[in-house]
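Before any comments, here is the structure.
Residue numbers count from 1 along this sequence.
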Amino acid sequence: QVEVVESGGGLVQAGGSLTLSCVASGTTFSRLSMGWFRLAPGKDREFVAAIGWNPSNTDYGDSVKGRFTIFRDNAKNTVYLRMNNLKPEDTAAYHCTADFRTTVETVWTLWDYWGQGTQVTVSS
């Protein structure tokens with residue numbers, strides 16, 4: 001079984017930056033595709049970003065393109081989400097996801113393994 005653990009959330013003012021981290025264990029990390037989704041109260045889960053086992057394969061949700069960057073460090077079994085120019089509407093619980101796909105997916109139901117989430121709150 002794959003275990004996924006996120007960290008790095010917190011409170012930041014609008015315009016600020018945060019970097020989230022996600023460690024996946026239980027398998028060979030380099031074989032995993034990794035992603036980030038977020039969930040805000042009263043809203044559906046929203047695709048944020050994903051990166052394939054081939055790190056040249058990335059995708060971003062429209063609302064974060066140009067502001068967020070996903071990257072991975074296979075030596076540390078870790079994927080990161082660098083969030084710049086944060087906005088109050090970015091406030092959500094951010095969940096890290098993993099699966100064995102060789103392509104990224106934007107649909108949350110297609111990801112097999114989920115972390116518990118890390119809260120990001122952006123104040124105005």
Side-chain angles (χ1 to χ4, degrees):
Q1 295 292 314
V2 176
E3 296 184 28
V4 181
V5 181
E6 313 97 325
S7 63
L11 176 65
V12 63
Q13 68 182 50
S17 298
L18 282 175
T19 298
L20 306 182
S21 300
C22 173
V23 178
S25 61
T27 189
T28 301
F29 181 78
S30 62
R31 298 206 299 259
L32 290 171
S33 294
M34 305 293 296
W36 293 92
F37 289 78
R38 65 189 184 186
L39 180 63
K43 296 184 177 181
D44 292 334
R45 291 178 178 86
E46 181 183 14
F47 173 72
V48 177
I51 186 167
W53 60 267
N54 181 342
S56 66
N57 185 14
T58 61
D59 199 9
Y60 296 91
D62 289 342
S63 64
V64 306
K65 286 180 179 178
R67 299 189 296 124
F68 292 10
T69 303
I70 188 170
F71 57 100
R72 64 193 296 162
D73 184 346
N74 288 351
K76 297 181 178 180
N77 289 1
T78 302
V79 66
Y80 303 90
L81 183 70
R82 177 64 177 174
M83 304 182 293
N84 293 325
N85 191 24
L86 284 161
K87 304 175 181 180
E89 51 263 45
D90 294 317
T91 296
Y94 284 72
H95 294 262
C96 182
T97 62
D99 65 26
F100 294 101
R101 305 180 191 278
T102 57
T103 58
V104 300
E105 292 284 353
T106 62
V107 180
W108 70 270
T109 55
L110 299 180
W111 293 80
D112 291 331
Y113 303 102
W114 288 73
Q116 293 299 307
T118 184
Q119 180 68 37
V120 173
T121 301
V122 184
S123 62
S124 60

Smallest separation among heavy atoms of Trp111 and Ala50, with atom names:
CZ2-CB, 3.9 Å

Heavy-atom pair with the smallest gap, counting every atom of Ala14 and Ser124
CB-CA, 4.4 Å

Here the pair of heavy atoms bringing Trp114 nearest to Trp108 is CZ2-O, 3.3 Å

Using modelled atom types and a 3.5 Å cut-off, is there a donor and acceptor pairing between side-chain atoms of Arg67 and backbone atoms of Asn85?
yes

Partners passing salt bridge (Lys or Arg N to Asp or Glu O under 4.0 Å) against Asp59 (at least two apart in sequence or in another chain):
none

Please report the closest heavy-atom contact between Ala98 and Val2, naming both atoms and the distance.
CB-CG1, 4.4 Å

Near Gln119 CD, under 6.0 Å, is it more than 12 heavy atoms from other residues, nucleotides or ligands?
yes

Hey, quick one: are Phe37 and Tyr60 part of the same hydrophobic cluster, counting side-chain heavy atoms closer than 4.5 Å, chains of contacts allowed?
no

d(Phe29 CZ, Lys76 NZ) to nearest 0.5 Å is 12.0 Å

What I want to check is whether the side chains of Arg45 and Thr97 have a donor and an acceptor closer together than 3.5 Å.
no

Given 3.5 Å as the limit, does a donor-acceptor pair link the side chain of Thr118 with the main chain of Glu6, or not?
no

Expected output: side-chain Arg72 to main-chain Gly52 donor-acceptor under 3.5 Å
yes

Would you sort out whether Lys65 and Asp62 count as a salt bridge (charged side-chain N to carboxylate O under 4.0 Å, His left out), showing the intermediate values?
CA-CA 5 Å; Lys65 286 180 179 178; Asp62 289 342; 3.2 Å; yes

Just say parallel, tilted or perpendicular for the rings of Tyr113 and Phe100, cut-offs at 30° and 60°.
perpendicular

Evaluation steps, side-chain contact (heavy atoms from CB on, under 4.5 Å), between Trp36 and Phe68:
CA-CA 11 Å; Trp36 293 92; Phe68 292 10; over 6 Å; no

Rounded to the nearest 0.5 Å, how far apart are CE of Met34 and CD1 of Ile70?
8.0 Å

Please check if Val79 and Val4 belong to a single hydrophobic cluster, counting links between Ile, Leu, Val, Met, Phe, Trp and Tyr side chain heavy atoms closer than 4.5 Å.
yes

Find the distance between OG (Ser21) and CZ (Arg82) and round it off to the nearest 0.5 Å.
11.0 Å

Could you measure the distance from the CG atom of Asn84 to the OG atom of Ser17? Nearest 0.5 Å is fine.
4.0 Å

With sequence neighbours excluded, what pairs up with Phe71 under the ring-ring contact (aromatic ring centres under 6.0 Å, His included) test?
Tyr80

Hydrophobic cluster identity match, Val23 and Met83, side-chain contacts under 4.5 Å
no

More than 12 heavy atoms of other residues, nucleotides or ligands under 6.0 Å from CD of Gln13: is that the case?
no

State whether the side chain of Thr121 and the backbone N or O of Thr91 hold a donor-acceptor pair below 3.5 Å, judged by distance alone.
no

At their closest point, which heavy atom of Gly9 faces which heavy atom of Leu20, and how far apart are they?
N-CD2, 3.6 Å

Reported CG-to-SG distance for the pair Leu32 and Cys22, which is rounded to 0.5 angstrom
9.5 Å

So, for Leu81 and Tyr94, which heavy atoms are closest and what is the spacing to 0.1 Å?
CD2-CD2, 4.2 Å

